[in-house]
Amino acid sequence: MLTPPQRPRAFLFRCRQQGRLPSALTLILSETDTAGPVTHPEYDPFLVRFYGALLVTMMAGRSRGESSMIAAWQEAIADDPLPNSRSAEAIAMRLLAMPLESNEDF
């Protein structure tokens, strides 16, 4: 089973760069599309899609990111034939339900 990083909020905070992150997530979504032709990338597309879904769900829960990118990911998560994306979404929802510490903004 795939697991999130040990400190997901710190990970998300470091990754968040306005402008670059939505573009990168849109590119990741298209490159890991399960309906596309089969290629043999040098990375695990299911793991990348898992963390993309985790990150986008966290961003959506905190009202961050571009709405078109979030909508595209939400649709892909709902339609994904494999459970990885939905598992990431469930983990993110549990993390979002946790109270924020006073020094966290994400």
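Not measured: the values here are computed from a predicted model.
- Proximity of Phe50 to Ile91: side-chain heavy atoms (C-beta onward) are separated by under 4.5 Å at one or more points.
- With rounding to the nearest 0.5 angstrom, the CG atom of Leu25 is 14.5 Å from the OH atom of Tyr51.
- Contact of the Arg64 side chain with the Met58 side chain is not registered, since no non-hydrogen atoms from C-beta on lie closer than 4.5 Å.
- No side-chain heavy atom of Asp80 sits less than 4.5 Å from a side-chain heavy atom of Phe46.
- In this view, Ala53 and Trp73, Ile77, Ser85, Ala88 satisfy the side chain to side chain contact (heavy atoms under 4.5 Å, CB included) rule, not counting sequence neighbours.
- Atom OG1 of residue Thr32 and atom CG of residue Leu27 lie 9.0 Å apart, to the nearest 0.5 angstrom.
- Side-chain N or O atoms of Thr57 include none that pairs as donor or acceptor with a backbone N or O of Leu54 at under 3.5 Å.
- A 4.5 Å side-chain heavy-atom check between Leu29 and Arg49 finds at least one atom pair inside the cut-off.
- Here Arg86 contributes atom CZ and Asp79 contributes atom CG; the two are 9.0 Å apart, rounded to the nearest 0.5 Å.
- In this structure, OG on Ser23 lies 6.0 Å from CD on Glu66, to the nearest 0.5 angstrom.
- In this structure Gln74 satisfies the side chain to side chain contact (heavy atoms under 4.5 Å, CB included) test together with Ala60, Ile70, sequence neighbours excluded.
- Shown here for Arg62 and Met98, the closest heavy-atom pair between the two residues is NH2-O, 4.3 Å.
- Side chains of Leu55 and Leu21 form a contact here, defined as non-hydrogen atoms less than 4.5 Å apart.
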